[in-house]
2 protein chains.
Amino acid sequence: MKLLTKNTDYVVRALIVLAMKRGQFISAREISKSQNTPYQFLRQILQKLIQNKIVVSKEGIGGGVRIVKSPSKISVLELIEMFQGNLELSDCMFRNKICQNRKTCVLRPEIKRIENNVALEFSKITIEKLVKKIGEKDEKKLYRNR
Amino acid sequence: MKLLTKNTDYVVRALIVLAMKRGQFISAREISKSQNTPYQFLRQILQKLIQNKIVVSKEGIGGGVRIVKSPSKISVLELIEMFQGNLELSDCMFRNKICQNRKTCVLRPEIKRIENNVALEFSKITIEKLVKKIGEKDEKKLYRNR
DNA sequence: CCTAACTGATACTAGTTTACTATCAGTTAT
DNA sequence: ATAACTGATAGTAAACTAGTATCAGTTAGG
Ligand code: FES
Ligand code: FES
């Protein structure tokens, strides 16, 4: 059960970088190098972020992408939905006898419940929170080294 | 994000049937017909249940499989793990700068937390509970029709 | 005004997974 | 004997994943 695919993984990391450098245009090449993500793959991913107005782009030298949506409003859930399609149930077997006789399925509501839970959890994880977590770790580090 | 694949879906339904007919040998053909599951696919699935000692088989005419593990002890989680492999994290990018610098990742613990939650929820859903749910629905139906 | 560093758009591809299908051998109740 | 079963295993089409490759257009700086 793979909750995140590579492109979602990469996009989260890219957005963390962009959130930490808010206001600046960062090139795909720079993100690719700093995060060890395949360049062309990352470019596709960034194009989708542009289409979804999470970042804006600037062409030419010194160009790149700049984050425009507030990191506090970018949830991992919307990134998953953007790159992996909607969270959706596995297909229903309409002609299944169990369901035919009882009108509704006993398994599916349970799965639906769990899926809703997963969606809720992912909706709570925002880019802002992840950036803050990085900050907290740095503080601890500074404290230990003092 | 597909939590259940077809084989897990089919095996749950097959086990519901077998649990409702505990003690009896039911053939793959019969389950296949009653649940509208592809026969050969179902046979593979049942063989795995046999290997995992959840059912026993009897060859020849009048044969089939019989459930031997208590339905209260068969969780959907173990079926998922049996048919979809362990719930596992998407691969880690060890050389990732964010993680290199901070020793640990900020995203991964969150995903791990959610995955553990999903596993816990699926471990609570047993075949026995699903069979009971079917029973409850039947009762409601009887009550309404009275 | 040239050129190097950028994005825009899109086509292609190898490998893996999913959801099956097919085959042949052996078993057992009637 | 034979029809209805399981045991074991090979094959396969389609979809998905994780990329790669190309070419066209844009822009800052010398
Ligand atoms: S198979 Fe469709 S709701 Fe159960
Ligand atoms: S990439 Fe490995 S723990 Fe973050």
Side-chain angles (χ1 to χ4, degrees), chain A residues 1-14 18 24-33 35-68 80 82-86 88 90-93, chain B residues 1-14 18 24-33 35-68 80 82-86 88 90-93:
Chain A
M1 192 184 315
K2 205 189 289 175
L3 295 183
L4 294 199
T5 54
K6 285 286 178 191
N7 43 17
T8 314
D9 202 354
Y10 294 161
V11 81
V12 170
R13 295 168 199 291
L18 290 171
Q24 297 171 51
F25 281 100
I26 314 293
S27 72
R29 186 67 69 184
E30 187 180 334
I31 298 172
S32 163
K33 276 181 185 162
Q35 299 301 308
N36 269 56
T37 50
Y39 174 67
Q40 292 293 353
F41 197 25
L42 180 64
R43 290 242 296 136
Q44 281 189 345
I45 290 166
L46 292 179
Q47 289 208 345
K48 214 155 192 178
L49 287 185
I50 294 161
Q51 283 159 28
N52 284 273
K53 298 183 180 170
I54 287 175
V55 300
V56 288
S57 65
K58 194 176 117 188
E59 286 180 90
I61 269 191
V65 295
R66 187 184 52 168
I67 198 166
V68 287
I80 289 175
M82 196 177 297
F83 289 97
Q84 299 174 216
N86 282 26
E88 59 190 14
S90 53
D91 291 338
C92 169
M93 300 160 54
Chain B
M1 193 183 316
K2 207 189 288 174
L3 295 181
L4 294 199
T5 54
K6 286 284 178 193
N7 43 17
T8 314
D9 202 353
Y10 295 159
V11 82
V12 170
R13 295 166 199 293
L18 292 171
Q24 297 172 50
F25 281 100
I26 315 293
S27 72
R29 185 66 70 186
E30 187 180 335
I31 298 172
S32 163
K33 277 181 185 162
Q35 299 300 310
N36 269 57
T37 50
Y39 174 68
Q40 291 294 351
F41 196 24
L42 180 64
R43 287 243 294 137
Q44 281 189 344
I45 290 166
L46 292 179
Q47 288 208 347
K48 213 154 193 178
L49 287 185
I50 295 160
Q51 283 160 29
N52 285 274
K53 297 180 181 172
I54 288 176
V55 301
V56 288
S57 64
K58 193 176 117 190
E59 286 178 89
I61 269 190
V65 295
R66 188 184 52 167
I67 198 166
V68 287
I80 289 175
M82 197 176 296
F83 289 97
Q84 301 174 211
N86 281 25
E88 59 190 12
S90 52
D91 290 337
C92 171
M93 300 160 54

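Numbered from 1 within each chain, the chains take letters A, B, ... in sequence-line order. Keep in mind that what you see is a predicted model, and the values were worked out from it rather than measured. Values below: all heavy atoms of this structure, side chains included; hydrogens, waters and symmetry mates excluded.
Comparing A:F41 and A:E59 along DNA chain D, the residue whose closest nucleotide (by nearest heavy atom) sits nearer the 5' end is A:F41. Looking at which nucleotide of DNA chain C each of A:Q44 and A:K58 is closest to, the 5′-most match is held by A:K58.
Comparing C:dT7, C:dA19, C:dT23 against the side chain of B:K6 picks out C:dA19 as the nearest. Counting only heavy atoms from C-beta on, A:R29 has its side chain closest to C:dC6 among C:dT21, C:dC6, C:dA19. The side chain of B:T5 has C:dT18 as its nearest neighbour among C:dT7, C:dG8, C:dT18. For A:I61, the side-chain atoms get nearest to C:dA4 when compared with the rest of D:dA3, C:dA4, D:dA18. The A:R43 side chain lies nearest to D:dT22 when the options are D:dT6, D:dT22, D:dA8.
In this structure, A:Y39 does not reach the D:dA21 phosphate: none of its side-chain N or O atoms is under 4.0 Å from OP1 or OP2. Regarding contacts with the backbone of D:dA18, a side-chain N or O of A:K2 is found under 4.0 angstrom from either OP1 or OP2. The side chain of A:S57 contributes an N or O atom lying less than 4.0 Å from OP1 or OP2 of C:dG8.
Nearest heavy-atom pair, A:L3 versus A:Q84, reported as atom, atom and distance to 0.1 Å: O-NE2, 3.1 Å. Listed here is the closest heavy atom pair of A:K2 and A:T5: CD-CA, 4.4 Å. Among all heavy-atom pairs drawn from B:L46 and B:V55, the shortest one is O-CG2, 4.3 Å. In plain terms, the two heavy atoms of A:S32 and A:P38 that are nearest each other are OG-C, 4.2 Å. For A:A28 against A:L42, the heavy-atom pair with the smallest separation is O-CD2, 3.4 Å.
Here the C1' atom of nucleotide D:dA10 and the CD atom of B:Q40 are 12 Å apart, to the nearest Å. Separating the CZ atom of A:F25 from the C1' atom of C:dC6 is a distance of 12 Å, rounded to the nearest angstrom. For the pair B:N7 CG and C:dT18 P, the interatomic distance rounds to 8 Å; values are reported in whole Å. When the C1' atom of C:dA9 is taken as reference, atom CG of A:L42 falls 16 Å away, rounded to whole Å. The nearest whole Å value for the distance from the CG atom in A:N52 to the P atom in C:dG8 is 13 Å. Here D:dG19 presents its P atom at 10 Å from CG of A:D9, a figure rounded to the nearest Å. For the pair B:K48 NZ and D:dT6 P, the interatomic distance rounds to 18 Å; values are reported in whole Å. Atom P of nucleotide C:dA9 and atom CD1 of A:I45 are separated by 17 Å, given to the nearest angstrom.
Within 4.0 Å of B:L46, counting heavy atoms only, lies no atom of the nucleic acid at all. Within 4.0 Å (heavy atoms only), A:G64 reaches sugar-phosphate atoms of the nucleic acid but no base atom.
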